[in-house]
Q: 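Input: one structure, supplied below.
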Amino acid sequence: MTRAHGTKGENPPDLNSGEPLQHHRAVEQGSRVSSMAAPLLFRLHENVPEVVREVLLERGWEEYDKQEHEKWDWNLYWRTSTFRNFEYENLFPWQRLNHHPKTASIARKDCLARNLRRMRGTYGPALYGFSPVAYILPNDYTRFLEEYTKTRLESTGKPGYWICKPVALSRGRGIFVFDDIKHLAYDSSVIVQKYISNPLLIAGYKFNLRIYVCVKSFCPLTIYMHQEGLVRFATEKYNLASLDNLFSHLTNTSINKFGLFYNTDKERVGQGCKWTLGKFRSFLHNQGINELLFWQKINNIVTLTLLTLAPSIPACPNCLELFGFDILIDSNFKPWLLEVNYSPALSLDCAADIMVKKAVVHDLIDLMNYRKVDSLRQRGFLRQRHNRSCCCRNPSLLTKSPAEFVIPKSVHEKKRQRQSSLNGKSLARPGYAARCGLHSTCQKPKPFTVSRNKKSRPPLKQLKSPSCWSELNDVQLAEESSDSHRHLTRHSSSNARWLPAIHAHKYKPSVSSWDRGTHDRTVPSLRVGDFILTFPFNEATWKASQDTLDVKTVLHEVHKLTSQLTFSRVPKEKRVKENNEAIKNRFTALLWGPRNPPPLGEYCSSN
């Protein structure tokens, strides 16, 4: 297939060829149809799960090949590890990354414990009591010893149960449960927490929930939760008498798939060790609990945990983040946060994985909001629409100017043929290419920040306002005003070093208004596939998430909503109806799944 952006090694289009500007526009407009049809390109780092490649190929994407494409010529770069700062700073408008900067720390158990402890001390255990207090050893050994002794005295000699986890390991590695401090041994930094010894059991088996969460933006904070997820079971029945039996106390698939009973047909659980979240909803529907309140508590855990991280994350509108939240339910139906996973596992080990994880990746790509304009990866810009001072939020220095685009190379070949028929006659306008920020010896368009002078390039943390950049959308691509050339002003080529970011003043994605009667305030899409927008959930939280995050207001609104669901004394049917009406603008009711889930037997027979 011939790509509209050409192949490696070709010369760029010569905008200083002397042909009239109107001819350039005509050629550009004629080429846009073919350009729009160019496939999107994805670039995968090593160790990326195969399901990501499968999903993108199913959607008609093509894989990036460094032998055929330039290093900047891709639309999506996906990796399981973190990106470096310069990779964020040098993004082009058509490119996306699957990680926000500085988010990996939430997956370190010591960092998470430290942040939750800080928020608990500031705002109290009523809000931040969803995770057992963690002691980071060896630094907190004295504090842990005091708590251990106090627990033993209060329980009149009965053993207290504790769990020890290495701070930087995943997949259940190095975790063990103990009831006597003499069994506590570690050779690296660990956290120790009170073990939740009364978990909710299904047919005697312990389980936890894997909730998939996408943070579309940290500024403003925008959180989506996927309606489907996984329920992961231990493969041996829960037994406090055998604390060293990992197949009884840990629910990690990476451990339980090696258990003796993994492939046996276990009572109610079935073969393997996984359910879908839909199947768990059917189980929950028959327990006679307030399901709205139950799911809202899980919702709160996600929101309140991300609030510990959000203020420190710089704005990067070309990125999104997928987290895996692990939630344990105790016998009182209280959800507890176990940990947060960065780059959660997407390997397909069973039918439940295929059903859930492929859908998550498909919906995640939809959340990235690719449009036809993103297939035009080779574009030149006349100059920046805003001076570099935009990064410092100085609106008084904004300048507006029209933009021109690089002609695709396939069109360039035809134009060169026409130019050769002019027998060398040149109609060149001196300085035109320089004013456009283009040079005949340079094929690559300039990224956001190409200057290596640290004094002239603001650091990543200062790039807080994506709204100060403008982007060219489909309408702007298709429509060029006839008097564009008349408005061209002379600027040095140094002013053309910055390209617009992914969000635009003129580009407005599909959004839904909080109030249908007014259109001056909009919010992100309420639902994308099975990703449900869970924050912001009302106008107060929407306002509180703009610019500087107002944590106190968010916490107040979370507490108020939870209280409404907790103290409602009306009958269940009426309560559900009223809650749905009360929060229809918050749309969190979508998270509760089908109003009347199918019987659990139907799931069992189908699986």
Q: With a 6.0 Å cut-off on the ring centroids, do W542 and F535 count as close?
A: no
Q: Please confirm whether the backbone N or O of L97 pairs with a side-chain atom of Y88, one donor and one acceptor, at under 3.5 Å?
A: no
Q: Could you check whether the rings of F176 and F178 sit parallel, tilted or perpendicular, using 30° and 60° as the cut-offs?
A: tilted
Q: Would K334 and W336 count as a cation-pi pair here, with the cationic atom under 6.0 angstrom from the ring centre and within 45° of the axis?
A: yes
Q: Could you measure the distance from the CG atom of L322 to the CG atom of L346? Nearest 0.5 Å is fine.
A: 6.5 Å
Q: Taking the six-membered ring for Trp, are F233 and Y205 closer than 6.0 Å centroid to centroid?
A: no
Q: Measure the shortest side-chain to side-chain distance between V356 and Y212 over non-hydrogen atoms and say whether it is less than 4.5 angstrom.
A: yes
Q: Taking ring-ring contact (aromatic ring centres under 6.0 Å, His included) as the test, write out the residues that go with Y77, two or more places apart.
A: W74, F83
Q: Is a side-chain N or O of D330 found less than 3.5 angstrom from the main chain of F333, in a donor-acceptor match?
A: yes
Q: Decide yes or no for L243 and Y161: does some side-chain heavy atom of the first lie under 4.5 Å from some side-chain heavy atom of the second?
A: yes
Q: May I ask you to check whether over 12 heavy atoms, not counting those of H559, lie within 6.0 Å of atom NE2?
A: no
Q: Does the side chain of T253 come within less than 4.5 Å of K274's, by heavy atoms?
A: yes
Q: Could you measure the distance from the CD atom of Q564 to the CG atom of L561? Nearest 0.5 Å is fine.
A: 6.0 Å
Q: Is it possible for you to check whether R53 lies under 6.0 Å from the centre of the six-membered ring of F42, through NZ or CZ, and within 45° of that ring's axis?
A: no
Q: Parallel, tilted or perpendicular: which describes the rings of Y342 and F323, with under 30° parallel and over 60° perpendicular?
A: tilted
Q: May I ask you to test the S545-V554 pair for a side-chain heavy-atom distance under 4.5 Å?
A: no
Q: Restricting to non-hydrogen atoms, name the atom on E291 and the atom on H285 that form the minimum distance, rounded to 0.1 Å.
A: OE2-ND1, 2.7 Å
Q: Just so I know, are the side chains of L209 and L230 near enough to count as touching, which here means a heavy-atom distance under 4.5 Å?
A: no
Q: Applying side-chain contact (heavy atoms from CB on, under 4.5 Å), can you list everything that pairs with I163, at least two apart in sequence or on another chain?
A: K165, I175, V177, Q193, Y195
Q: Whether the T541 and N538 side chains hold a donor-acceptor pair (N or O, under 3.5 Å, no angle test) is what I'd like checked.
A: yes
Q: Any heavy-atom pair between the side chains of N245 and N239 that's under 4.5 Å?
A: no
Q: Within this structure, what is the CG-CD1 distance for the pair L127 and I301, rounded to the nearest 0.5 Å?
A: 12.0 Å
Q: Answer yes or no for R96 and W78: cation-pi contact, defined as NZ/CZ to six-membered ring centre under 6.0 Å and angle to ring axis within 45°.
A: no
Q: Got F218 and T103 here, is their nearest side-chain heavy-atom distance under 4.5 Å?
A: yes
Q: How far apart are the C-alpha atoms of D65 and R43, what are their side-chain angles, what is the distance that settles it, and do they pass the salt bridge (Lys or Arg N to Asp or Glu O under 4.0 Å) test?
A: CA-CA 8 Å; D65 188 338; R43 179 181 177 185; over 6 Å; no
Q: State the OG-CG distance between S81 and N47, to the nearest 0.5 angstrom.
A: 8.5 Å
